[in-house]
Amino acid sequence: MQFIDLKKQYQVLKADMDAAIAQAVEGAHYIGGPEVKELETKLAEYCGTKFCLTCANGTDALTLAMRCLGVTRGDAVFVPTFTFFSTAEVVALEGATCVFIDVDERTFNMDPQKLEQAIKAVKKEGRLNLKCVIAVDLFGQVADFPKIREIADKYGMKVVEDGAQGFGGSINGKKACSFGDISTTSFFPAKPLGCYGDGGAVFTDNKEYFKVMSSLAVHGKGDYKYDNVRIGYNSRLDTVQAAVLSVKLEAFAKYELADRNKVAARYTSALSDLFKTPVVPEGYESSWAQYTLITKSEKERNALQVALKERNIPTMVYYPIPMHLQTAFKGCKNDYCDLSVAENLCKTVLSIPMHPYLDQESQDMVVAALRECATA
Ligand SMILES: *Cc1c(COP(=O)(O)O)cnc(C)c1O
């Protein structure tokens with residue numbers, strides 16, 4: 001059994017995929033071919049933003065956002081401590097300070113109440129400039145942006161949505177990657193919408209931001225390629241990946257997102273008496289980048305992982321270490337916020353196979369193994 005079955009996905013999409021790749025290869029515009037602009041238009045339309053710019057990966061997308069907002073030394077950037085390393089890494093790369101925020105156990109996402117407490121503590125201390133909040137759509141569920149936006153506005157801060165795992169999710173029909181002043185996503189193969197290599201994108205409604213990020217992504221270009229007005233990067237999505245993503249986006253919108261939700265609903269109804277299963281608040285739709293259970297203890301979690309492995313059922317621990325306990329962030333001040341929920345989650349979470357091509361029979365096997373091996 002695969003944790004995420006990309007081979008099966010390719011088999012299903014093969015005819016369209018092979019044709020799209022062949023066309024991109026034959027077109028021979030390997031960088032910046034027409035497929036790239038076409039994809040950006042479709043992505044912006046899908047997410048409901050004015051602009052989309054593709055780039056080399058999801059980490060670069062966050063870096064473009066940080067640079068565009070002018071995040072720098074002396075700035076406080078509020079990030080959840082329960083996330084993938086990139087979210088915090090890009091802040092530190094600009095010389096700014098990460099202020100780590102705890103998450104809500106039910107949704108795995110940034111806890112708005114704790115966010116505001118930490119903002120007040122940083123403000124009172126008076127050492128750092130309140131710059132922005134990066135909220136993450138963890139495991140496919142959009143963060144609580146209505147509340148986060150209200151808090152950010154109150155303190156004059158910008159909002160960045162790290163939608164690397166959130167693509168396809170929504171709140172009352174408003175799609176992920178449309179909630180930030182700048183929103184980002186990743187097309188790493190295992191994400192809800194993945195390509196056949198690395199890829200990423202930024203989304204915004206702000207024309208000036210779009211212009212600045214478009215420049216940053218191509219060596220800080222000005223009016224033309226050899227006019228360089230700022231120090232930038234080489235961060236582009238290549239044409240073949242854009243062709244791949246066009247085919248995948250169609251399948252994603254047509255049935256994959258719905259099928260992910262069917263798989264998740266079956267897991268929840270079969271497992272919620274034995275484990276804490278993910279909570280999707282009223283009005284929210286998740287794209288289920290992961291289906292993550294909370295077990296009773298670290299001991300149970302680790303035993304389950306071993307027992308499932310013996311039955312050839314892959315599981316993953318996302319994430320074993322919160323940002324504030326990472327070696328790379330050793331010495332960072334982290335007493336602005338109580339971080340105990342994330343610390344406990346790191347010990348008890350277990351993600352199980354989740355993808356839109358998971359058939360009922362395989363899913364029944366996962367459920368049976370979990371039920372058999374769970375401790376009373
Ligand atoms: C995957 C991921 C990223 C980084 O994306 P890459 O394309 O791998 O650079 C950033 N943030 C989160 C939350 C992620 O899951």
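Whatever order the structure lists ligands and atoms in, that order sets their numbers, starting from 1. All values below were derived from every heavy atom in this structure, side-chain atoms included, with hydrogens, water molecules and symmetry-related copies excluded.
Remark: E150 does not engage K147 in a salt bridge, criterion side-chain N to carboxylate O under 4.0 Å. Contact check on D238 versus R236 returns no salt bridge, with no Lys/Arg side-chain nitrogen under 4.0 Å from an Asp/Glu carboxylate oxygen.
Numbered from 1 in the order shown, with element, the atoms of ligand 1 that lie under 4.0 Å from a heavy atom of T83 read 13 (C). Listed by number with element, the atoms of ligand 1 under 4.0 angstrom from any heavy atom of A164 are 2 (C), 3 (C), 10 (C), 11 (N), 12 (C), 14 (C), 15 (O). Below 4.0 Å from some heavy atom of V136 lie the following atoms of ligand 1, by number and element: 13 (C).
Of the protein's heavy atoms, K191 NZ, 3.0 Å lies nearest to atom 14 (C) of ligand 1. Protein heavy atom in closest approach to atom 11 (N) of ligand 1: D162 OD2, 2.8 Å. Given atom 9 (O) of ligand 1, the protein heavy atom at minimum distance is T59 OG1, 2.5 Å.
Contacts with ligand 1 closer than 4.0 Å are made by heavy atoms of both the backbone and the side chain of N57. Under 4.0 angstrom from ligand 1, there are no non-hydrogen atoms of L138.
Residue K175 places its NZ atom among more than 12 non-hydrogen atoms of other residues, nucleotides or ligands, all under 6.0 Å distant. Within a 6.0 Å sphere centred on CD of Q23, other residues, nucleotides and ligands contribute 12 heavy atoms or fewer.
Considering both main-chain and side-chain atoms, S86 never comes within under 3.5 Å of ligand 1 through any nitrogen or oxygen pair. Checked by distance only, ligand 1 and G58 come closer than 3.5 Å through their nitrogen or oxygen atoms. Among the atoms of S186, some N or O lies under 3.5 angstrom from an N or O of ligand 1.
Under 3.5 Å, the side chains of Y357 and E256 contain a donor-acceptor pair of N or O atoms.
Cation-pi geometry between K296 and F275 is satisfied (NZ or CZ under 6.0 Å from the ring centre, within 45° of the ring normal). Geometric assessment of K42 against the ring of F252 yields a negative cation-pi assignment under the 6.0 Å and 45° thresholds.
In this pair, F82 and F139 present their aromatic rings perpendicular. The plane angle is above 60°, beyond the 30 to 60° band.
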